[in-house]
Amino acid sequence: MSAEMIISISIITIMAIAFIAYICYQIKTKGLRKAAIDFIVEAEEQFQQGENQEKLEYVLEAIYVMVPGWVRLFITKSAVTSFIQKIFDEVKVALDYREV
């Protein structure tokens with residue numbers, strides 16, 4: 001392997017690590033989790049009981065719009081859906097516990 005190839009691979013690796021760190025920083029500072037909770041509450045207020053697919057689509061689109069365009073190239077809607085579902089499950093557990 002040539003020195004140029006090693007340098008190229010090293011640069012790509014460093015850029016990938018920096019990109020992942022940037023995404024983690026943005027998620028933490030922008031409060032994507034809190035935003036998801038706020039959108040879930042809005043969806044619960046706007047849609048009737050049983051319209052779960054509509055609620056999910058509402059939250060999915062709202063969160064997906066928050067993600068910068070260039071990041072959307074790397075994050076699929078199914079990943080965002082999984083993120084939303086995880087947040088919803090956590091909120092539901094907390095609310096169910098509180099009602100007892």
Side-chain angles (χ1 to χ4, degrees):
M1 214 187 281
S2 69
E4 290 178 37
M5 180 74 95
I6 293 172
I7 291 172
S8 296
I9 291 172
S10 298
I11 289 172
I12 291 171
T13 303
I14 290 169
M15 289 175 63
I17 291 170
F19 173 75
I20 292 169
Y22 174 76
I23 296 296
C24 292
Y25 174 77
Q26 288 296 319
I27 289 172
K28 187 174 182 178
T29 58
K30 301 247 183 206
L32 199 54
R33 185 177 189 284
K34 179 169 179 355
I37 292 170
D38 292 343
F39 289 129
I40 289 169
V41 170
E42 284 180 25
E44 290 293 333
E45 292 172 352
Q46 287 187 8
F47 296 95
Q48 296 178 2
Q49 183 142 358
E51 295 180 331
N52 296 334
Q53 189 61 38
E54 289 85 355
K55 292 175 189 177
L56 178 62
E57 287 296 321
Y58 174 82
V59 176
L60 174 63
E61 289 304 316
I63 292 294
Y64 206 67
V65 167
M66 290 181 67
V67 177
W70 62 273
V71 175
R72 286 185 221 147
L73 297 172
F74 302 100
I75 299 176
T76 63
K77 283 196 174 187
S78 64
V80 176
T81 301
S82 297
F83 169 76
I84 294 167
Q85 189 62 52
K86 181 181 175 194
I87 299 297
F88 176 79
D89 292 343
E90 291 173 4
V91 169
K92 180 151 177 39
V93 167
L95 290 175
D96 289 345
Y97 177 75
R98 190 172 168 196
E99 290 177 2
V100 173

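FYI, the numbering just counts along the sequence from 1. Just so we're clear, the structure is a prediction, and the values are computed from it rather than from any experiment.
Other residues sharing a hydrophobic cluster with I11 under the 4.5 Å side-chain heavy-atom criterion for ILVMFWY residues are I7, M15.
Scanning all heavy atoms of the two residues, the minimum distance from Y64 to I75 falls at OH-O, 3.3 Å. Closest heavy-atom contact between I63 and A35: CD1-C, 4.1 Å. Residues V59 and A36 approach most closely at CG1-O, 4.4 Å, considering heavy atoms. When all heavy atoms are compared, the tightest approach of K55 to Q48 is CE-O, 3.5 Å.
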With side-chain contact (heavy atoms from CB on, under 4.5 Å) as the test, would you mind laying out the steps for F47 and E57 before giving the verdict?
CA-CA 11 Å; F47 296 95; E57 287 296 321; over 6 Å; no
Are L32 and F83 close enough, and set up right, to give a side-chain contact (heavy atoms from CB on, under 4.5 Å), and what steps lead you there?
CA-CA 10 Å; L32 199 54; F83 169 76; 4.1 Å; yes
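Rounded to the nearest 0.5 Å, atoms OH (Y58) and CD (E51) are 13.5 Å apart. Taken to the nearest 0.5 Å, the CD atom of E42 stands 11.0 Å off from the CD1 atom of I40. Rounded to the nearest 0.5 Å, atoms CG (D38) and CZ (R33) are 11.0 Å apart.
M5 and I14 fall into different hydrophobic clusters, where Ile, Leu, Val, Met, Phe, Trp and Tyr side chains are chained together by heavy-atom contacts under 4.5 Å. If you chain together hydrophobic residues whose side chains sit under 4.5 Å apart, L73 and L60 fall into the same group.
Between E61 and K77 a salt bridge is recorded (basic side-chain N to carboxylate O distance below 4.0 Å).
Scored by the side chain to side chain contact (heavy atoms under 4.5 Å, CB included) test, T13 finds I9, I17 as partners (sequence neighbours excluded). Under the side chain to side chain donor-acceptor pair (under 3.5 Å) criterion, Q85 pairs with D89, sequence neighbours left out.
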